[in-house]
Student: 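Structure incoming, see below.
Remember, it's 1-based here, ligands and their atoms both numbered in the order they're listed. Each residue takes its place number in the sequence, starting with 1.
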Amino acid sequence: MEKARLIKVAGMASILALGLATISPAARAGDTVKIGLILTYSGPFADNARQIDNGVQLYMKQHGDTVAGKKIEIIRRDTTGAAPDIAKRLAQELVTRDKVDFLAGFVLTPNALAAADVATEAKVPMVVMNAATSIIVSKSPYVARVSFTLPQVTVPLAQWAARNGIKQVYVMTSDYGPGHDAEAAFSNAFAAAGGAVVGSVRMPLASPDFAAYVQKVRDLQPQAVFLFVPAGQQPAALMKTFAEQGLTRSSLQILATGDVTDDAVLQRMGDAALGVITSHHYSYAHDSALNRAFVKAYAEAYGEDLRPNFMAVGGYDGMAAIYRVIEQLKGEIDGDKAMAAFKGMAIDSPRGPIEIDPDTHDVVQTVYIRRVEKVGETLVNVEFDKVTKVKDPAK
Ligand code: PHB
């Protein structure tokens with residue numbers, strides 16, 4: 001029902017082909033602060049949207065839906081997948097018709113990049129809760145990011161690998177923004193640390209069949225592979241292909257960003273994932289009081305079967321940042337003042353401490369090196385090393 005309605009709204013927006021009107025501050029004033037949440041609620045990346053939305057809702061449940069005397073209203077819109085034209089139209093409609101005070105969400109880079117143009121024209125602050133290509137925050141002075149960047153998590157992994165006896169790596173990434181970032185970051189950092197990249201391949205974003213790509217790894221027999229594919233349906237399919245072709249940890253070291261061993265699907269990957277070494281900003285198994293409380297509250301709200309992943313934390317922390325700005329501006333949201341309020345903001349997150357870089361509006365955080373291990377009956381990303389205060393190295 002909800003899904004059908006969302007899709008209909010997306011369709012209506014295309015018919016109306018709304019342009020951008022100038023928005024006076026008076027038009028936005030009132031008793032509510034509106035947040036337009038643009039996510040992939042349907043299609044192959046729907047699970048990611050669900051995680052972000054759950055994080056948003058959990059934060060609101062815990063902290064109330066009134067801030068600085070204003071009621072917080074979430075307006076949800078579905079891009080249905082990687083669809084920059086739809087994302088742009090939805091963002092335009094949200095700022096012109098719904099008069100939102102913030103744009104937020106964004107699982108996928110192409111959608112975030114498209115909406116950033118709207119944020120700039122309308123001077124509406126936009127909070128990126130996942131999309132992780134480095135360049136997104138440079139696209140508009142009105143974008144702040146609370147999630148991560150691919151270079152931010154990849155460089156520490158490349159350096160760890162070079163320090164730990166890995167000499168040759170074959171690089172496999174998705175053929176779009178975050179994949180290109182991961183490929184460049186790994187290749188450059190690994191080479192700078194004395195390692196050799198023995199080849200690389202870019203795999204399509206839409207419905208890839210991984211068999212031929214994994215066959216190539218069998219033929220080349222590198223010491224290790226480095227992988228990035230976006231969280232969603234692809235990581236499990238990719239890991240299954242490695243297992244089917246007999247490439248397990250006895251013959252090949254798999255290195256990846258934490259997107260590939262996403263906590264929400266790791267259980268389903270089975271023992272094929274054991275021993276995979278990843279780097280990322282959040283593990284469901286992160287050992288802190290704050291994370292234990294977060295995991296417990298998430299389970300109470302959404303059930304024990306769905307583990308919160310890094311996207312849930314992105315939604316949760318994104319709301320924390322937005323609440324902070326609303327409080328600071330006493331409920332009167334102005335784009336420029338909001339962006340000034342994001343600068344240097346520090347948040348205690350379930351992942352550990354994070355900060356919004358005052359120069360770039362990008363997130364600064366601890367990057368963890370993790371290994372997939374069986375703890376009791378379940379597979380988890382066990383953190384065993386970390387680098388603190390990591391900025392996006394690509395800027
Ligand atoms: C992105 O499109 O920026 C993206 C999507 C999923 C991920 C990471 C990055 O897991």
Student: Centres of the Y59 and Y323 rings: under 6.0 Å?
Tutor: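 Yes.
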Student: Tell me, please: is F310 in heavy-atom contact with ligand 1, that is, under 4.0 Å?
Tutor: yes
Student: Got an N/O contact under 3.5 Å between N130 and ligand 1?
Tutor: no
Student: Count I, L, V, M, F, W, Y as connected when their side-chain heavy atoms are under 4.5 Å apart, and connections chain through other members. Are I254 and V169 then in the same cluster?
Tutor: no
Student: Can you name the atoms of ligand 1, numbered from 1 with element, that are less than 4.0 Å from a heavy atom of P178?
Tutor: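 Close to P178: 1 (C), 2 (O), 3 (O).
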Student: Taking Y282 as the fixed residue, which of D263, N309, N291 is the one that meets the side-chain hydrogen bond (donor to acceptor under 3.5 Å, both in side chains) rule?
Tutor: N291
Student: Any idea which atoms of ligand 1 are less than 4.0 Å away from a heavy-atom of A131?
Tutor: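 Checking each atom against A131, I get 3 (O).
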Student: Any nitrogen or oxygen of N48, side chain or backbone, less than 3.5 Å from one on ligand 1?
Tutor: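 In fact, backbone or side chain, N48 has no N or O that close.
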Student: Any salt bridge between D98 and K34, counting N to O under 4.0 Å?
Tutor: no
Student: Do R351 and F310 meet the cation-pi criteria used here (NZ or CZ under 6.0 Å from the six-membered ring centre, within 45° of the axis)?
Tutor: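 No - R351 does not lie over the ring of F310 by the 6.0 Å and 45° rule.
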Student: Below the 3.5 angstrom mark, is there an N/O of A231, backbone or side chain, next to an N/O of ligand 1?
Tutor: yes
Student: Just to confirm my output: which protein heavy-atom neighbour is closest to atom 3 (O) of ligand 1, and how far is it?
Tutor: T109 OG1, 2.5 Å
Student: Any ion pair linking R89 and E93 (charged N to carboxylate O, less than 4.0 Å)?
Tutor: no
Student: Would you name the heavy atoms of S174 and Q234 that are closest together and state the gap between them?
Tutor: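 Taking S174 first and Q234 second, the nearest heavy atoms are OG-OE1, 4.0 Å.
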Student: Which of the numbered atoms in ligand 1 are below 4.0 angstrom from a heavy atom of L108?
Tutor: 1 (C), 2 (O), 5 (C)
Student: Can you tell me which residue and heavy atom of the protein come closest to atom 6 (C) of ligand 1, and the distance to 0.1 Å?
Tutor: P230 CB, 3.5 Å
Student: Verify the cluster assignment for Y368 and V295: are they in a single hydrophobic cluster under the rule of side-chain heavy atoms below 4.5 Å apart?
Tutor: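 Y368 does not cluster with V295.
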Student: When you compare ligand 1 with A132, is there at least one nitrogen or oxygen pair between them that comes in under 3.5 angstrom?
Tutor: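 N/O-N/O distance under 3.5 Å: yes.
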Student: What's the shortest distance from atom 8 (C) of ligand 1 to any protein heavy atom, and which residue and atom give it?
Tutor: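 For atom 8 (C) of ligand 1, the nearest protein heavy atom comes out as D259 OD2, 3.2 Å.
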Student: Could a heavy atom of Y176 be found less than 4.0 Å from some atom of ligand 1?
Tutor: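 Y176: in contact with ligand 1 (<4.0 Å).
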